[in-house]
Structures are given as C-alpha cells and as structure tokens.
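In what follows, every chain begins at residue 1, and chains take the letters A, B, ... in the order their sequences are listed.
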There are 2 protein chains.
Amino acid sequence: MAYATIRDVARLAGVSVSTVSRALNTKGRISEHTKLVVEQAMKELGYIPDSRAQAMRSSKTGTVGLLVPDIRNPYFADLAYTIQDALFGAGYCTFIGTSSENADQQDSFIMSILSQRIDGAILVPQGGDSHALRLLIGRKLPLVFVDRQVEGLDTIPVVDSDPIPGLTEALEDIRAHGCSKVGYVSGPVLESPTLQEREYVFRELAAMAFGEDHVFVESTGFDQSSCVSVLRRMRRAGVGAVIFGYSPDAVRAVSLMHDNGIRVGLDISIVSFDDLEMFRLTSPHISVISQQVRRIGAIGAQTFLDMVVGHGAAGSHRVETTYIPRESVGRMR
Amino acid sequence: MAYATIRDVARLAGVSVSTVSRALNTKGRISEHTKLVVEQAMKELGYIPDSRAQAMRSSKTGTVGLLVPDIRNPYFADLAYTIQDALFGAGYCTFIGTSSENADQQDSFIMSILSQRIDGAILVPQGGDSHALRLLIGRKLPLVFVDRQVEGLDTIPVVDSDPIPGLTEALEDIRAHGCSKVGYVSGPVLESPTLQEREYVFRELAAMAFGEDHVFVESTGFDQSSCVSVLRRMRRAGVGAVIFGYSPDAVRAVSLMHDNGIRVGLDISIVSFDDLEMFRLTSPHISVISQQVRRIGAIGAQTFLDMVVGHGAAGSHRVETTYIPRESVGRMR
DNA sequence: CTGAAAGCGCTTACAG
DNA sequence: CTGAAAGCGCTTACAG
C-alpha cells in the first residue's frame with residue numbers, strides 16, 4: 001500500500017501542492033476555509049508527511065542520536081531514559097544506539113546518524129579518538145559527551161561527575177568504622193578515562209587518609225573470574241573495606257561473596273559507585289557513591305539544547321558525586 | 001559546514017553523477033579504474049551519502065523501529081539489546097523508543113517512525129487498539145508484537161511466553177515446601193493482556209493444587225504504597241508463599257520486607273517472574289519464573305526478518321517459561 | 001491568499 | 001562502460 005503524497009492531498013482538496021504545504025506548516029498566508037478543506041482531505045487519505053523529504057528541503061530533522069555503551073547497564077538505561085525524556089519535551093526525537101563497549105560499533109552508529117543527517121548527538125564515547133568521531137566533530141553539529149570524555153578532544157563539552165566529594169565521604173565513613181586498610185577495584189580502566197580518574201583520585205585521597213602502604217588497587221577488565229581472586233588477595237592482605245569504581249564489578253562481587261559465605265558488612269565492607277536499585281535489595285544494603293545520573297542526564301540534554309540555540313557555544317559541567325551510607329560498611333569483627 | 005554531495009564527488013572525479021552512484025552501490029557495469037578514481041574522490045571530500053535521499057528513491061530505509069514500555073526495566077533493556085543486536089547482524093539499524101507505559105507516547109512514536117518511512121517495526125504494545133496502531137497495520141509493513149498482544153489485532157504475529165510451565169513448577173515447589181495457602185500479586189493488569197493471562201493461569205493452576213479457598217490474588221497497579229498493605233493482608237490470611245506476576249512489584253516488595261524485618265524464605269516464600277540479575281544478589285536469592293527473554297528477543301527478530309522476506313506471512317510463537325528454584329522458597333517456621 | 005517552478009540529494013531506466 | 005534526464009515527496013521564494 002503506497003503512502004498518500006502531498007500531491008494526492010492537493011488533488012482531493014482541489015488546491016495546489018504549495019497550498020497543502022502551507023496548511024501543513026501553518027505558515028505563510030492561508031485562508032481559514034482552504035485550510036479546513038485541506039485538513040479534511042489529509043484526514044480522508046490518512047496522509048502522513050514524509051519526514052525525510054521534509055528534512056531534505058528544510059535541513060532540520062528534529063532528531064538526535066544518543067549512544068550509550070550498554071543499555072543493559074542500569075546506570076546507562078537511566079541516563080538514556082532521562083535524556084530521551086528531556087529531548088522529547090523539547091520536540092526532539094531521540095534515536096538510541098548501543099556501542100557494546102566497542103569502538104567499531106560506536107563508529108558504525110556515528111556513520112549511520114551522520115548519513116541520516118541528524119541535528120546533533122549526545123554520546124557516551126567509547127575509547128579514544130576515532131575516524132568517525134573526527135567526522136562527526138568536523139560536521140560542527142551540536143555534540144555533547146556524557147559520562148566520559150575523550151583525550152585530545154577538548155572542544156566538546158562534557159557532562160560528567162566529580163568523584164572527589166563522594167570518595168572523600170566514603171573514605172571517612174570507612175575510617176570511622178575502624179578500618180585501617182582499604183582496597184579499590186577499578187574496572188576496565190583502559191576503556192574509560194572516567195574510570196582512570198576515579199582510580200587516580202582514590203589513590204590520592206586514600207593515601208592521605210590511610211597512608212600509602214595501606215592502600216590496594218586492582219583493575220578487573222571485563223573478565224568475570226578475576227573478581228574472586230582479587231578479593232581473596234585483598235582480604236589476605238588485611239583489607240577491611242573495598243570500593244568498586246565500576247558497579248557491574250560490585251554486582252558480581254556481592255553475588256560471589258554470598259555464594260562463598262563471605263558476609264558483607266561483617267567480614268568485609270563494601271562501597272560501590274552508582275546508586276542502583278539493586279543495591280537497595282541486598283541485605284545488607286550496599287553503600288554507594290551516587291553520580292546523580294538523573295542530573296547528569298538533565299544537564300547533558302540542556303547543554304545540547306543550549307548548543308542548538310547558541311550555535312556551538314556551551315561549557316562542560318561536573319556534577320558532584322554524593323555518598324550514601326548504608327549497612328554494607330560496618331565494624332569488622 | 002555543508003555536506004559534500006554526489007555532485008561534488010562527480011565533479012572532482014571528472015565523471016557523471018550516475019557513475020558515482022554506480023560506484024557507491026557496486027551495481028551496474030563500471031570499470032575498475034573509474035571506480036577507484038571515484039572512491040578516491042569520495043575519500044578526499046569525506047563524502048557521506050545522504051541516506052534520506054537514498055531511501056526516498058529506492059524505498060528501502062534499512063531501519064526498523066523498536067518500542068518498549070520502559071528501558072529502565074531490566075527485562076525490557078535485555079529484550080531491546082537482544083533485538084537490536086540480531087537486527088544489526090541482519091544489516092538493519094534499529095531505533096529504540098520508549099512509551100513510558102503510556103498509549104499516547106506509543107502513538108507518537110509510531111507516527112514518528114511512520115513519517116520516517118521505516119521498513120517495519122517491533123513493538124511491545126501499550127494498552128489496547130489505537131489510531132496510530134491501525135495506521136501502522138494498514139501500512140502492511142512487517143510488524144511483530146513482542147511480550148504482549150493486543151486484543152482484536154489477531155493478524156499480527158506475537159512472540160511471547162507461555163506462563164503455564166513456569167507457574168506449574170513454581171506451585172509444585174511451593175507445595176513441596178509444606179505451604180498450604182498461596183498468594184499472587186498481579187501488577188498493573190489493566191495495561192497488559194499478558195499480565196491478565198498470567199493471573200488467570202495462576203488462578204486455575206493454584207485452585208487445582210491448593211483448593212479455591214486457599215488462593216489469594218491482588219493487583220497493585222503502579223502504586224508503590226499499596227504493596228505493603230497487600231502483603232500484610234495476605235500474611236494475616238495465612239498465606240505462606242507469594243508469586244509476583246510483575247517483577248518491579250517483587251523488587252519493591254523485597255526491599256520493603258527487608259526494611260520491615262520480614263525474612264524472605266523464613267517468614268514468607270517469594271517467587272517472581274523474570275530472571276533478573278538482581279534476584280541473584282539478594283540473600284536469599286529469589287526463585288524466579290524465567291521468560292527466557294533472550295529467546296523471545298531472538299525469535300522476535302527472526303519473525304520480523306521472515307516477514308521482510310516472506311512479505312507478511314509469519315506465525316506467532318510462544319516461548320516456554322521455566323522455573324528456577326532458589327532459596328526464597330523455604331519451609332515456613 | 002494561491003499557484004507554477006525550481007531544487008534538496010539521490011537512483012534508475014534509457015540511450016549511446 | 002558511461003552520461004543526460006526524470007522523478008522520489010517535499011519546501012521555498014517568486015509571481016500573480
């Protein structure tokens with residue numbers, strides 16, 4: 001079944017194509033009466049304007065691309081939802097894509113939205129610089145990085161979180177519970193400058209509070225199995241509390257500890273980044289360093305909208321992390 | 001910065017526009033040499049074909065719309081991921097949209113993809129019949145419903161799960177643990193025929209196994225607060241085990257029980273639909289009725305692809321639910 | 001207030 | 001193997 005075209009509408013309404021177009025866009029002079037006639041004809045034909053044709057002429061597509069690494073990660077799901085919602089409110093249609101923590105798939109998404117001639121993009125960038133990224137930037141479209149930044153691409157505004165406040169408070173809480181050695185599991189740092197920064201900040205802060213010899217850091221990569229051995233090693237070294245920089249690691253660790261009879265909050269204290277719902281389901285509930293993902297999303301969307309109006313000028317923004325103490329940080333036996 | 005057009009490429013390569021087009025699509029006769037020359041010109045200009053223009057001429061957009069109620073629900077996140085992945089493998093670009101469990105927003109998404117002239121859609125439909133849905137169906141595009149169906153729209157293939165096997169096994173497990181009265185919390189049934197069916201099947205099965213007088217059913221809607229009072233009432237009635245038809249309810253309930261000192265698996269047994277990661281994080285772990293969401297997603301995508309080739313002909317498919325027993329079902333004190 | 005014409009960036013027969 | 005021309009469905013000046 002073929003779509004009705006503007007021509008069909010014009011014919012049925014007994015007017016010219018231009019008149020139909022004017023009725024469609026309620027702009028230009030048009031009489032009330034003809035407008036009504038045209039709208040009637042549209043209804044009768046079930047006319048749906050071809051937005052591709054519209055966009056091609058008017059060079060405004062009303063769509064923006066949004067890329068997240070993995071929609072199954074609740075943090076990114078929340079982020080995507082918030083952004084889509086905010087942009088929808090501003091009249092934009094958001095296309096969500098997934099990079100699977102993979103630079104190639106990111107690039108393929110970028111090429112796809114570029115060839116779609118979208119009005120702009122919001123990205124959680126993957127890894128470092130890339131060809132497609134350069135192309136996107138060269139386009140000078142409104143572009144915002146969220147959650148992560150890319151080294152060397154300093155002209156793009158980035159909205160992310162400042163790890164210092166949350167980490168500071170978490171370390172204080174741990175210390176207040178009588179713990180003298182603290183560990184940090186940093187996740188796949190190679191993929192993400194954000195994770196690198198967190199680790200760096202942790203090292204600085206923890207060394208100041210606990211002394212360099214009492215600070216242990218390990219990264220896990222994407223390998224599930226390594227998690228157990230890392231924790232085992234830390235406990236053997238006398239570490240009483242572990243902070244997870246990457247929440248999927250914490251999820252895995254909590255599950256493993258349960259299965260291995262290690263009691264959270266009693267045998268070891270746990271803090272994780274990201275205020276995920278599931279951390280309120282465990283017993284004990286897990287203390288978290290919240291990135292305030294809703295705020296990041298809202299500010300990210302707003303920054304994007306500012307760029308649309310301001311033609312490119314917009315600044316970066318850091319949202320403070322906050323610490324939410326719960327029972328997973330306890331006094332060791 | 002304006003995009004380079006096919007004209008620009010033709011000029012630089014010293015050939016005609018048609019020749020560039022042929023090089024682009026590697027179809028029609030074209031000499032190796034000129035093809036190389038053209039490709040060189042494309043590279044030099046950073047040419048990215050306008051897929052809107054391409055689609056308008058060739059009436060194949062290579063994109064499909066995917067609508068889920070709420071991407072923050074891990075079940076739908078998983079579903080969306082699986083589908084997007086499968087379609088990507090088949091050369092399709094998937095646009096994910098969110099209906100927020102809201103028929104209006106669903107309709108607005110449908111209108112948007114329709115005006116985008118996408119090749120087809122996969123929907124987790126919202127509520128009942130609607131104008132936009134009719135329009136979409138009238139288009140005779142490949143269309144698949146996933147997870148839910150719409151009453152009266154029986155021509156559309158639907159891929160969902162069969163609640164019987166999982167519920168049967170769950171009830172057996174509960175019975176084997178010496179429980180004599182069983183409850184069911186059915187979630188926002190009004191929004192979803194799937195939830196209605198689950199409730200219905202539960203009633204039948206439970207009445208057979210426990211006797212009609214020992215079966216208690218309540219629905220919660222989207223209201224958080226009602227959850228507590230529902231559980232309280234059921235416990236007072238002597239209910240030893242509760243099955244949740246809608247996993248977000250179970251998540252809330254587990255969290256509330258924890259806060260109110262009700263011990264899962266000891267004071268009350270719990271089973272929830274959907275094999276979510278978080279149900280393996282709680283202690284005790286929650287027994288679940290899995291819908292095998294990955295399979296649903298894979299089959300949904302495959303059904304869609306079949307429709308693309310077969311021009312409309314494709315059947316519905318039910319995936320069996322399976323029961324995964326864990327410690328949340330225990331012997332009551 | 002309304003219509004005829006040009007053109008957005010492509011693809012597709014049709015000639016050559 | 002290659003090019004000139006028509007046309008996909010719209011919008012936008014330009015006349016009237």
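Side-chain contact annotation: B:T98 with B:S100, donor-acceptor N/O pair under 3.5 Å absent. Side chains of B:S18 and B:S21: a donor-acceptor N/O pair is absent below 3.5 angstrom, by distance only. In this structure, a donor-acceptor pair under 3.5 Å is absent between the side chains of A:Y3 and A:D8.
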| task | Treat a base pair as Watson-Crick or G-U wobble with both distances under 3.5 Å, then lay out DNA chain D in dot-bracket form, 5' to 3', with | for cross-strand pairs. | result | |||.||||||||.|||
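Around the CZ atom of B:R318, the shell of radius 6.0 Å holds more than 12 heavy atoms that belong to other residues, nucleotides or ligands.
Each of A:V124, A:L123, A:N102 was checked for a side chain to side chain contact (heavy atoms under 4.5 Å, CB included) with A:P69, and the lone residue meeting it is A:V124.
In terms of phosphate contacts, A:T34 brings no side-chain nitrogen or oxygen within less than 4.0 Å of OP1 or OP2 of C:dC1. Dashed line: the shortest gap from a side-chain N or O of A:T19 to OP1 or OP2 of C:dC1 is not under 4.0 Å.
Take B:D85 and apply the salt bridge (Lys or Arg N to Asp or Glu O under 4.0 Å) test, not counting sequence neighbours, and it matches no residue.
Salt-bridge check for B:D129 with B:R134: passed, with a basic side-chain N closer than 4.0 Å to an acidic carboxylate O.
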| said: Return a single string for nucleotides 6-16 of chain D, one symbol per nucleotide in 5' to 3' order, where B is base contact, S is sugar-phosphate-only contact and - is none, cutoff 4.0 angstrom on heavy atoms. | reply: -BBBBBB----
| request: For the pair A:Q54 and A:D50, evaluate side-chain hydrogen bond (donor to acceptor under 3.5 Å, both in side chains) and give the outcome as yes or no after the intermediate values. | output: CA-CA 6 Å; A:Q54 291 181 313; A:D50 185 331; over 6 Å; no
